[in-house]
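Read the structure below first, then the notes.
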Amino acid sequence: MTNMQQTTATARGPIKSYDAVVIGAGVGGLYALHHLREMGLSVRVYDGATGVGGTWWWNRYPGARVDGPGSPFYCYTFSEDLVKEWDWAETQPSQESVLEYLEYVADRLDLRRDIQLETWIRDASYDEVAQRWTVETNAGERISCQFLVCAVGTLSAPNTPDIPGINTFAGECYHTGRWPQTPVSFVGKRVGVIGTGSSGVQAVPEIASEAAHLTVFQRTPQYSIPARNRALEPELMQHARENWEAIRAQLNTNPVGMPFKFSERLAREDTPERRQALYEDLWQKGGFHLLFSSYADLLTDKEANRTLADFVRGKIGEVVRDPKTAAKLMPEYYLGTKRQLLDNGYYETFNRDNVTLVDLREDPIQEITPTGVRTATGDHPLDMLVLATGFDAITGTLLRLNPKGRGGVSLKEKWSTRFDTYLGLMVADFPNLFMIHGPGSPSVLYNMPLGAERESAWIGDCVRHLREQGLGAIEATVDAEKIWDREITDLANTTLYPLTDSWYTGANIPGKPRQFCVHLGGPLYFQRINEVAANGYEGFAFEEDRRVETVAAL
Ligand code: N01
């Protein structure tokens, strides 16, 4: 299947040509490069950052660490060598250590020779005659490829809120998702943090421990569970190494691709006392166990959900000494239906003398001034402002890329009212364009490195199918997209997720179409996409390969 990279002279200058271009050198893009290259394809990866790592390269804010499955399960699973060679130090690895791991993988698999950093793709358009994509970089370089793999990240388009005066602030101002490369000191400074999602609750305890004063501006209180990060016991790592194949099989069949034991018991099957004891036990254990390993109906039954929400609200009341502050921190939505937060001392931080909580529901921000934040009740003078205000999640980076497909239709036009995809992997009118962690895949509700491996495997098989059958292009049909949309929506409607305003539903971005576009099937999703492939790629349309030898017309 080997196709060497070629350079051809065209009327608009030289154009390099590859089998596949991958956009993004994060968790998804690194693996896609490895996988497609192992198949013999010529592949080039482009990334705007100065280093590999994607989200782990950008999110360097204090306290950033894996708040998911933890070690040693948030990693690539395909290579026993990598598992044997890499030592994880903590149960919830820090941003630095995940970045080091990804850098190690890039070196170990010799990926860097095919990665071009500091290069943003500013345009991507499909040529229907040539059955190829042309991408253009910010430096004006043009590249032709048959397959375009968008591994652009689900949480990579920062959301900077449109608060009056935000650009007038004269102090230091950082978004957590665009944190500087150079160290940021909080010592002796009055710092304000806007936003109390995953990034905010990770950053707040760290900033509070250094700053002269920290003001936390909270719009919606959220439930946070102690992560209980600790040094990873060497025996646990050893056990994982010795049993990796079995663990891998277990991860592959788990609903979220993580090593959690999911409970089959319903909350109402236990007495209040037994529930309380179980919740207490799992709270002490820390991490997602409280949500996943307690009862099976917490995310589907309002009353079951209330029992856990009450428990966590009780914990907030126990931890936070000032009852007024505790009351402001009490959330009301269905627990777990916003991204579940894990923290290391978040609620405890509000017992510090140098920390103030501003509840924006009763005291909204009116404007940001050169010297701080003005709320309805007065001024909060600040030296530094930290925006932990999240991202245009799941679809934002794809829309920022805004590829132009068949007939010059842009993705923005295609997705103006609904984020239609087929299998979360392809979009009608965008032939030969693949997404990793796209809308309609399990993406953010699945172990992301594992998801990237499994989706890349599907993409690789699809490319092989095309080559073996002498086909030049594959494209999702509109009918298949409709069926897929129904499947995702039906699955979501069995849960409480759609009832909450969250970035899962697009509610955090003004004007964004409201749609829950995460496939909640877990292993069922991978079974479905593999069945589609086994059944001759039902729901897709193909074109014969009519590639011309020259790209001179480009
Ligand atoms: O973003 P968020 P995040 N005025 O959208 C508030 C992943 N992640 O960066 O809830 C005032 O969750 C907003 O308030 P509200 C993880 O998947 C992973 O924290 O909309 N406030 C909310 O409090 C996570 O879920 C790791 O009312 C405003 C906050 O800003 C995802 O990234 C670590 C506002 C945004 O919370 C995003 O988390 C960190 C405004 N105008 C993050 N606009 C790992 O370790 C927004 N807010 C793997």
Side-chain angles (χ1 to χ4, degrees), residues 26-27 53-56 58-71 74 90 92-99 153-166 174-179 192-204 206 215-224 227 229 256 258 287-288 329 331-333 336-344 346 357-361 363-368 373 375 385-394 396-397 437 443-449 500-510 512 518:
V27 167
T55 199
W56 296 105
W58 292 103
N59 285 266
R60 296 160 185 262
Y61 61 85
R65 53 178 70 247
V66 173
D67 61 358
S71 308
Y74 182 90
E90 297 173 289
Q92 314 294 139
S94 66
Q95 170 269 333
E96 276 168 311
S97 63
V98 181
L99 185 59
T154 50
L155 293 156
S156 301
N159 169 39
T160 302
D162 190 15
I163 300 172
I166 193 157
Y174 308 112
H175 190 288
T176 50
R178 284 288 180 276
W179 202 259
V193 173
I194 301 180
T196 53
S198 301
S199 307
V201 303
Q202 288 187 333
V204 158
E206 301 286 327
T215 308
V216 179
F217 298 92
Q218 169 197 269
R219 190 165 66 179
T220 310
Q222 297 208 36
Y223 304 92
S224 190
N229 180 41
V256 288
M258 300 175 192
F288 285 151
L329 288 164
E332 283 153 20
Y333 61 94
T337 55
K338 279 175 176 265
R339 169 66 150 78
Q340 183 54 51
L341 313 185
L342 301 183
D343 70 276
N344 287 288
Y346 177 65
L357 178 67
V358 176
D359 182 348
L360 299 179
R361 294 168 302 176
D363 187 12
I365 296 179
Q366 292 186 331
E367 65 172 323
I368 295 178
V373 172
T375 61
L385 192 54
V386 174
L387 301 174
T389 45
F391 304 89
D392 183 354
I394 306 176
T397 35
H437 297 142
S443 66
V444 293
L445 284 168
Y446 196 75
N447 187 348
M448 299 211 49
T500 298
D501 283 347
S502 69
W503 59 257
Y504 291 145
T505 55
N508 67 325
I509 302 295
K512 185 169 177 172
V518 181

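Start at 1 with the first residue, then count along the sequence. Side-chain atoms are counted along with the backbone in the values below, which use heavy atoms only and exclude waters and symmetry mates. Just follow the structure's listing: the first ligand is 1, and inside any ligand the first atom is 1.
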Any N or O of [X] that comes nearer than 3.5 Å to an N or O of ligand 1?
X: Asn508; value: no
X: Arg219; value: yes
X: Ser199; value: yes
X: Gly195; value: no
X: Arg339; value: yes

Note to self: Nearest non-hydrogen contact with atom 35 (C) of ligand 1 belongs to which option: Pro364, Pro158, Ala388?
What the structure shows: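 That would be Ala388.
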Next item on the list: Have a look at Thr160, Leu341, Ile194, Asn59 and point out the one with the heavy atom closest to atom 21 (N) of ligand 1.
Entry: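 Checking each option, the heavy atom nearest atom 21 (N) of ligand 1 is found in Ile194.
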Note to self: Does Glu367 have more than 12 heavy atoms from other residues, nucleotides or ligands lying within 6.0 Å of its CD?
What the structure shows: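 Count over threshold, so yes.
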Checklist line | Residues Arg339, Asp67: salt bridge by 4.0 Å N-O rule | finding: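 Counted as a salt bridge, because a side-chain N and a carboxylate O are separated by less than 4.0 Å.
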Notebook entry, point to check: Charged N to carboxylate O below 4.0 Å: is that the case for Arg65 and Glu90?
Noted result: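 Salt bridge present between Arg65 and Glu90.
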What's the shortest distance from [atom] to any protein heavy atom, and which residue and atom give it?
atom: atom 39 (C) of ligand 1; value: Tyr61 OH, 2.8 Å
atom: atom 15 (P) of ligand 1; value: Thr220 OG1, 3.4 Å
atom: atom 37 (C) of ligand 1; value: Trp503 NE1, 3.7 Å
atom: atom 18 (C) of ligand 1; value: Asp67 OD1, 4.0 Å
atom: atom 24 (C) of ligand 1; value: Ser198 OG, 3.2 Å
atom: atom 36 (O) of ligand 1; value: Gly197 CA, 3.5 Å
atom: atom 41 (N) of ligand 1; value: Pro161 CB, 3.2 Å
atom: atom 1 (O) of ligand 1; value: Gly390 CA, 3.1 Å

With heavy-atom distances below 4.0 Å as the criterion, list the atoms of ligand 1 near [X].
X: Arg65; value: 44 (C), 45 (O)
X: Leu360; value: 11 (C)
X: Val66; value: 45 (O)
X: Thr196; value: 22 (C), 23 (O), 29 (C)

Notebook entry, point to check: Honestly, is Lys338 close enough over Tyr504, meaning NZ or CZ under 6.0 Å from the six-membered ring centre and within 45° of the axis?
Noted result: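 Output no; distance or angle outside limits.
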Margin query: Does the Lys NZ or Arg CZ of Arg178 fall within the cation-pi geometry relative to Trp58 - under 6.0 Å from the ring centre and within 45° of the axis?
Written below: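 Flagged: Arg178 positioned over aromatic ring of Trp58.
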Notebook entry, point to check: Any heavy atom of Lys338 sitting closer than 4.0 Å to ligand 1?
Noted result: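 In this structure, Lys338 qualifies as a contact of ligand 1 - some heavy atom is under 4.0 Å.
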Can you tell me which portion of [X] lies within the under-4.0 Å heavy-atom range of ligand 1? Options are side chain, backbone, both, or neither.
X: Trp56; result: side chain
X: Tyr504; result: neither
X: Gln218; result: neither
X: Leu155; result: side chain

Check: Should the pair Tyr174 and Trp179 be assigned to parallel (<30°), tilted (30 to 60°) or perpendicular (>60°) ring geometry?
Finding: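 Ring orientation, 0 to 90° scale: tilted.
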Next item on the list: State, yes or no, whether a side-chain contact exists between Phe217 and Val373 at a heavy-atom distance under 4.5 Å.
Entry: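 Yes, side chains in contact.
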